[in-house]
Amino acid sequence: MSLISSVTSLIMGKKTGYIVVMGMTGSGKTTFISHLASPEDKPGAGHSLRSSTVGTSRYRVRIPAHLRGASIYDDIVLVDTPGFDDTTRSDLDVLRTIADELDRLRQEGRHLLGVLFLHRITDMRLTNSAIKNVTVLQKICGSDNYDRVFLATTMWDVVSFSKEASNSAQARQEELEEYWAELFGGRSAMQPHLFNTRDSAWEIVKPLLDKPNRSLEIQVELLDRPLERTKVGEYLSYGLLDARKRQELVARRDSITPSQIGNKSWWSSVIDFWSD
C-alpha cells in the first residue's frame with residue numbers, strides 16, 4: 001500500500017467488504033465462517049439434519065494484521081446463506097431469502113467483494129442437487145462476475161485418517177477443478193480448505209481482500225423486474241412447474257381406467273397438459 005493511501009486510510013478509515021457464502025446444506029458454511037471469526041464472535045454450527053441457516057446471517061470479522069496492509073478494507077462481513085436443498089423450504093423460497101439480502105446490501109451501499117461457494121470433498125459425485133446449486137450460483141452472479149466466484153472444498157479432516165480416502169479425495173479434487181474451470185471459463189478460482197484452521201480459511205478469502213465493489217447480475221436485474229423474471233428466478237420457477245406437472249402426470253397415470261387406455265381423447269388431454 002502506498003504512503004498516500006496509508007495516510008488516507010488513517011484519516012478517512014477503511015471500508016468494510018462483504019462476501020456472500022453459498023453452498024449446499026451441510027457443506028460447512030457456518031463452520032468455515034467460524035474459522036475466520038475471532039474466538040469471542042464465533043457462530044454456532046448446526047449438527048441436526050435440518051438446515052441451521054433458515055434466513056441469512058451476517059458475521060463481521062477483523063482481517064488479520066498480516067493481511068490488512070495489502071487490503072483496502074479493515075474488516076469483512078460474511079453473509080451466511082441457506083442452501084437450495086433445504087429440507088423444509090422450496091428452492092424459490094430460499095432464492096427469495098438470498099435475493100432480498102443481496103438487494104438490501106445494494107440499497108445500504110455495501111461493498112460486495114464476491115461469492116464464496118463451498119462444496120464437500122466427501123461427496124463421491126456431483127449430485128443433481130449440487131449441479132442445480134452451481135447453476136443457481138452462475139445465474140445469481142452473471143458471467144461478467146465469474147472472476148469474483150471462488151470455490152472452496154471442505155470436510156478434508158474427514159478423509160485425512162486414511163491414505164486411501166485421502167487419495168480418493170485428491171482425485172475428486174482434480175476432477176472438480178477441471179469441471180469448475182470448464183463451467184466458469186477458467187475465470188473462477190478453486191482451493192481446498194485442507195486444515196480447518198484460521199490460516200487456511202484466510203488463504204481462501206485472501207484474493208478477495210483487494211477487490212472493489214461489484215454488483216451481481218441479480219442485484220442489477222432486481223432494479224427493474226420482480227424476482228420471478230430474473231434469470232435465476234425463471235430457472236427455478238420453470239423447474240418447479242415441471243416438477244408439479246410430473247406429479248400431476250403421475251397422478252393421472254395412476255388413476256387411469258381400462259377404458260381410457262384406448263381412448264385417444266384422454267391421451268390428447270395428457271399431451272396438451274404437458275405442452276402448456
Side-chain angles (χ1 to χ4, degrees), residues 1-23 29-43 53 55-82 97-118 137-138 140-152 184 187-191 193 197-224 230:
M1 182 179 291
S2 68
L3 177 61
I4 293 177
S5 60
S6 298
V7 172
T8 302
S9 295
L10 290 173
I11 297 174
M12 302 296 293
K14 291 186 179 181
K15 296 181 176 67
T16 297
Y18 284 69
I19 297 174
V20 177
V21 183
M22 296 181 65
K29 297 186 294 291
T30 306
T31 300
F32 181 86
I33 292 172
S34 74
H35 291 156
L36 294 168
S38 58
E40 57 271 16
D41 188 32
K42 285 185 179 292
T53 306
T56 57
S57 303
R58 300 183 187 184
Y59 300 99
R60 183 182 298 271
V61 296
R62 185 77 170 172
I63 297 175
H66 70 283
L67 295 177
R68 208 175 304 145
S71 174
I72 59 177
Y73 306 97
D74 269 336
D75 52 16
I76 59 174
V77 171
L78 287 303
V79 182
D80 196 2
T81 64
T97 298
I98 296 174
D100 286 347
E101 176 69 0
L102 290 173
D103 199 41
R104 277 193 295 272
L105 291 176
R106 181 194 59 78
Q107 293 180 36
E108 295 168 2
R110 307 302 184 187
H111 282 234
L112 184 58
L113 312 186
V115 178
L116 181 63
F117 187 85
L118 303 186
L137 171 69
Q138 289 179 306
I140 284 177
C141 296
S143 58
D144 289 343
N145 297 309
Y146 282 177
D147 61 324
R148 296 297 183 91
V149 178
F150 285 73
L151 170 67
F184 289 87
R187 296 172 54 213
S188 173
M190 176 179 173
Q191 187 171 335
H193 181 37
T197 63
R198 192 163 190 255
D199 287 344
S200 174
W202 277 106
E203 277 301 308
I204 291 171
V205 172
K206 180 180 176 181
L208 287 170
L209 297 182
D210 63 347
K211 303 295 185 185
N213 182 41
R214 178 82 67 83
S215 293
L216 302 181
E217 182 158 330
I218 192 173
Q219 292 178 298
V220 177
E221 289 179 305
L222 289 172
L223 290 172
D224 62 5
T230 62

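By convention here, the first residue in the shown sequence is residue 1.
- A 4.5 Å side-chain heavy-atom check between R214 and L112 finds every atom pair outside the cut-off.
- The closest side-chain heavy-atom distance from P82 to T56 is below 4.5 Å.
- Atom CG of L216 sits about 6.0 Å away from atom CG of L102, to the nearest 0.5 Å.
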Steps toward side chain to side chain contact (heavy atoms under 4.5 Å, CB included) verdict (R104, V79): CA-CA 12 Å; R104 277 193 295 272; V79 182; over 6 Å; no

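- R148 places no side-chain N or O within donor-acceptor distance of the main-chain N or O of V115, the cut-off being under 3.5 Å.
- A heavy-atom distance below 4.5 Å is not found between the side chains of N213 and K15.
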Check step by step if side chain to side chain contact (heavy atoms under 4.5 Å, CB included) holds for R110 and V77. CA-CA 10 Å; R110 307 302 184 187; V77 171; over 6 Å; no

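- Considering only heavy atoms from C-beta on, H35 stays 4.5 Å or farther from T197 through its side chain.
- Two residues are said to be in side-chain contact when any heavy atoms from C-beta on lie closer than 4.5 Å; K211 and H111 fail this criterion.
- Distance check, rounded to the nearest 0.5 Å: CG of D103 to CG of L222 gives 5.0 Å.
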Which is it for L113 and Y73 under the side chain to side chain contact (heavy atoms under 4.5 Å, CB included) test, yes or no, and what are the steps along the way? CA-CA 10 Å; L113 312 186; Y73 306 97; 3.1 Å; yes

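- In this structure, N145 contributes its side chain and G114 its backbone to no donor-acceptor pair below 3.5 Å.
- Using a distance-only test at 3.5 Å, with no hydrogens or angles considered, a donor-acceptor pair links the side chain of S71 to the main chain of L209.
- Separating the CD1 atom in I33 from the NZ atom in K29 is a distance of 8.5 Å, to the nearest 0.5 Å.
- Taking the side chain as every heavy atom from C-beta outward, F32 and L78 never approach each other to under 4.5 Å.
- Residues S200 and H193 come closest through the heavy atom pair OG-ND1, 2.8 Å.
- When side chains are defined from C-beta on, Q191 does not count as touching P207, because their heavy atoms never get closer than 4.5 Å.
- The shortest distance between side-chain heavy atoms of V61 and R198 does not fall below 4.5 Å.
- The nearest pair of heavy atoms linking G55 to T97 is CA-CG2, 3.8 Å.
- A donor-acceptor pair under 3.5 Å links the side-chain atoms of S188 to the main chain of V149, judged by distance alone.
- With rounding to the nearest 0.5 Å, the separation of CZ in R106 from OH in Y18 is 15.0 Å.
- Note that CD1 of I19 is 11.0 Å distant from CD1 of I204, once rounded to the nearest 0.5 Å.
- Atom OG1 of T81 and atom CD1 of I98 lie 4.5 Å apart (nearest 0.5 Å).
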